[in-house]
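As the structure is a computational prediction, the values presented were derived from the model and not from experiment.
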Amino acid sequence: MADHGTGPVKVTVSDPETGKVFEEKIVSNDYVIICNGRRYLKSVQVMGKTHMLAVAWEKATEGSTDG
């Protein structure tokens with residue numbers, strides 16, 4: 001695994017077409033989950049220092065052309 005250092009990182013979420021920045025965060029010794037479209041964080045289990053995260057796929061609504 002590549003060494004990415006141990007210091008903070010800057011996470012930027014932006015529109016790839018327009019470049020508009022939705023949000024920026026400095027993250028240090030933590031994690032970020034970004035869900036887009038029909039993906040969502042379904043559940044979180046915390047057991048001491050271990051976090052188990054389940055990302056799910058939301059069912060398509062009636063009239064939807066995908067999935």
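Listed for the Arg38 side chain is no donor-acceptor partner under 3.5 Å among the backbone atoms of Trp57.
Qualifying salt bridge (Lys or Arg N to Asp or Glu O under 4.0 Å) partners for Glu24, counting only residues two or more places apart in sequence or in other chains: Lys10. Scanning for ring-ring contact (aromatic ring centres under 6.0 Å, His included) contacts around Phe22 gives an empty result, with sequence neighbours left out.
For the residue pair Val55 and Cys35, the shortest heavy atom distance occurs at CG1-SG, 4.4 Å. Taking every heavy atom of both residues into account, Ser14 and Gly19 meet most closely at CB-O, 4.1 Å.
Note that the OG1 atom of Thr12 and the CD1 atom of Ile26 stand 8.0 Å from one another [nearest 0.5 Å]. Taken to the nearest 0.5 Å, the NZ atom of Lys25 stands 10.5 Å off from the CG atom of Asp30.
Identified under the side chain to side chain donor-acceptor pair (under 3.5 Å) test for residues 40-54, with sequence neighbours left out: Tyr31-His51.
Using a 4.5 Å cut-off between side-chain heavy atoms of Ile, Leu, Val, Met, Phe, Trp and Tyr, Met47 falls into a hydrophobic cluster with Met52.
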Derivation of the side-chain contact (heavy atoms from CB on, under 4.5 Å) call for Val13 and Val21: CA-CA 6 Å; Val13 179; Val21 174; over 6 Å; no
Check against side-chain contact (heavy atoms from CB on, under 4.5 Å), Ile33 and Leu53: CA-CA 9 Å; Ile33 297 174; Leu53 311 167; 2.9 Å; yes
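More than 12 non-hydrogen atoms from other residues, nucleotides or ligands lie less than 6.0 angstrom from CG of Asp15.
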